[in-house]
Number of protein chains: 2
Amino acid sequence: MTPARSRRPGAPTRTERGIPEATVARLPVYLRALTALSDSGIATASSEDLATAAGVNSAKLRKDLSYLGSYGTRGVGYDVEYLRYQIAREIGVTQDWAVVIVGIGNLGHALANYSGFGTRGFRIVALLDAAPELVGEKIGDMVVRDFAELEEIVAADRVSIGVITTPAGPAQEVCDRLVAAGVTSILNFAPVVLSVPDGVDIRKVDLSIELQILAYHEQRKSGEAALPPVPELPAMNGVVTDLPSVGGGVGA
Amino acid sequence: MTPARSRRPGAPTRTERGIPEATVARLPVYLRALTALSDSGIATASSEDLATAAGVNSAKLRKDLSYLGSYGTRGVGYDVEYLRYQIAREIGVTQDWAVVIVGIGNLGHALANYSGFGTRGFRIVALLDAAPELVGEKIGDMVVRDFAELEEIVAADRVSIGVITTPAGPAQEVCDRLVAAGVTSILNFAPVVLSVPDGVDIRKVDLSIELQILAYHEQRKSGEAALPPVPELPAMNGVVTDLPSVGGGVGA
DNA sequence: AGGAGCTTGTGAACGTGAGAACAAAATCGA
DNA sequence: TCGATTTTGTTCTCACGTTCACAAGCTCCT
Ligand SMILES: NC(=O)c1ccc[n+]([C@@H]2O[C@H](COP(=O)([O-])OP(=O)(O)OC[C@H]3O[C@@H](n4cnc5c(N)ncnc54)[C@H](O)[C@@H]3O)[C@@H](O)[C@H]2O)c1
Ligand SMILES: NC(=O)c1ccc[n+]([C@@H]2O[C@H](COP(=O)([O-])OP(=O)(O)OC[C@H]3O[C@@H](n4cnc5c(N)ncnc54)[C@H](O)[C@@H]3O)[C@@H](O)[C@H]2O)c1
């Protein structure tokens, strides 16, 4: 293998066998593409085939895969099953991860009803909510339990991943409870910036932000002309009045 | 202002008044932070204050804001209301964007019930589904309509944004219909890579991918030792047998 | 007036990511 | 056996993103 080179400039800083973050984010896409090919009975695929299925360029895909090791065959391509296993192993979904969902409202219900997680390396072990009227409700083959049982459940089921689907208000508090209970990865749907100690990973899914990014590009397509009138520094350093009310609220 | 420099190396390529993509993705976060400050009655904030509220570093925030113009006051900070308006205008959420949601199952219901979009620059004008038993159902003050009415609705309400919450199977077909009807921005929740013509923007939200990224880091925390045994090229170039079944499905 | 104290806006350095291009390795046919 | 063909793995270069560090500019106090 490549001998340990001493920090060539331009090379991404990675710890031993560490994989660049951008690559990590694409591995699940490749995994899904491989599963699709496998389901179609395709045994071998070239980087070009895979890249098309995953919606990326083939040079990028080859470089991404090269971080995992040398799993292809020149002149032939990649063995679909074998590569799939290698990626799954690298991501860590050859085993199942226990997950709790906190806040069983609109979104929590949707997630609880979703069957796609089980086939992708995750097992929902508990649905938790603080509202007494929700506790005890059956969703599929699960029952909503009291948020107070969190610590017990995390310890019993070795839960390392928590999903937050409460309103924004209590989200930080819920987050703190999760962390204190031993959860070290959090997926947050509430529109707030959560703070967590070092060692805890957090990812956020924010639909309003996604839509606003689309809106930015949409506005651009309509042509600069369509931009609202620019009030050039009308009332800086003073009482700013008469600005129209604008989107971007912090609602629960 | 800065005179038009001729392509200095190291400077991001940006069209006239274009904003780097990474910055665009953060502007909605700043917008939300500003709204929160405003709601707390705070009239002025320094880049440090804002950066803390938005969860980023203050140099980055200042540079991001500098792409919009020079809206701060040295020695003082930013006027909260004024900056909020400027960001909202840049993103394009001073006006409301019409949105249709296609596929009113678990997730579609959750989105339809969500009140947060209206306050953030978006107006849901239709809920569409192909299933006859769903058409006519009331959700809040809206009624589920037949997907066949898509073209009519898009034209009537000048819809430019579509949200896809159908299963993976029909997603590309639905996407094509949306594009043909005139929708030019799509937010996709189905776990497939959609292909769209140039000029159409697409963003995807994929919960399984988010969880798998967390799983990768989680596995790493448990220590290299916990990695599953590495079958070093056991059956390459031949019939690959006995690989455990792994997560990453392409389910509907 | 003038200086002290802050805070912005931005140049410059550094790190990460993307893609073109090609040598190395494998297969296949003659 | 050898050359033609295919496709990987990797290097090189350029583009993009982040962070530091500081001059420029504003306010307030003396
Ligand atoms: N529904 C959507 O489509 C949507 C879209 C974008 C963002 N979000 C965000 O997702 C989150 C959930 O949205 P929703 O529509 O499901 O909200 P919801 O109000 O329907 O559900 C929230 C649930 O959290 C529970 N809860 C409140 N405080 C709690 C606490 N301290 N501990 C445990 N549970 C608690 C409530 O009892 C309720 O069941 C919100 O933050 C919302 O802003 C939702
Ligand atoms: N529910 C979740 O929590 C969750 C999580 C991750 C991903 N997803 C993805 O989001 C999507 C929706 O999930 P869901 O749980 O709401 O699914 P669902 O099956 O509950 O709902 C899908 C809806 O789409 C409608 N539909 C099907 N074909 C259609 C067509 N051609 N035109 C219009 N409508 C059509 C169906 O009638 C149904 O109402 C899926 O792709 C799923 O993989 C969902």
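Below, chains carry the letters A, B, ... as their sequence lines are ordered, and counting in each starts from 1. Just so you know, these numbers use all the heavy atoms, side chains as well, and skip hydrogens, waters and symmetry mates.
- For C:dT8, the OP1/OP2 oxygens have a side-chain nitrogen or oxygen of B:S47 closer than 4.0 Å.
- Between A:R62 and A:V76, the one whose closest nucleotide on DNA chain C sits nearer the 5' end is A:R62.
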Pair B:Y82, B:Q86 - check side-chain hydrogen bond (donor to acceptor under 3.5 Å, both in side chains), show working. CA-CA 6 Å; B:Y82 184 67; B:Q86 293 300 340; 3.2 Å; yes
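- Separating the CG atom of B:L68 from the P atom of C:dT8 is a distance of 15 Å, rounded to the nearest angstrom.
- Per the geometry, CG belonging to A:L83 stands 10 Å off P belonging to D:dG9, to the nearest Å.
- Listed pair B:Y78 / C:dG9 meets the phosphate criterion, a side-chain N or O lying under 4.0 Å from OP1 or OP2.
- Remark: B:D206 engages A:R32 in a salt bridge, criterion side-chain N to carboxylate O under 4.0 Å.
- Neither OP1 nor OP2 of C:dA26 sits under 4.0 Å from any side-chain N or O of A:T73.
- Note: CG (B:N57) to P (C:dT10) measures 17 Å, nearest angstrom.
- Atom CZ in A:R26 sits roughly 12 Å away from atom C1' in C:dT16 (whole-Å rounding).
- As a whole-Å value, the separation of A:K60 NZ from D:dC14 C1' is 15 Å.
- Within 4.0 Å (heavy atoms only), B:A59 reaches at least one base atom of the nucleic acid.
- Side-chain atoms of A:R74 come within donor-acceptor range of the base of D:dT8, with a qualifying N/O pair under 3.5 Å.
- Contacts of B:R26 classified as salt bridge (Lys or Arg N to Asp or Glu O under 4.0 Å), with partners at least two apart in sequence or in another chain: B:D64.
- Ranked by how close their nearest DNA chain C nucleotide is to the 5' end, B:E48 and B:K63 are led by B:E48.
- Whole-Å rounding puts the A:L61 CG to D:dT7 P distance at 14 Å.
- Of the possible polar contacts, none joining the B:K204 side chain to the B:P191 backbone as a donor-acceptor pair under 3.5 Å is found.
- Atom CG of A:D64 is separated from atom P of C:dG17 by 10 Å (rounded to the nearest Å).
- The CD atom of B:E21 sits 12 Å away from the P atom of D:dT18 (whole-angstrom rounding).
- In this structure, A:E81 CD and A:T44 OG1 are separated by 10.5 Å, a value rounded to the nearest 0.5 Å.
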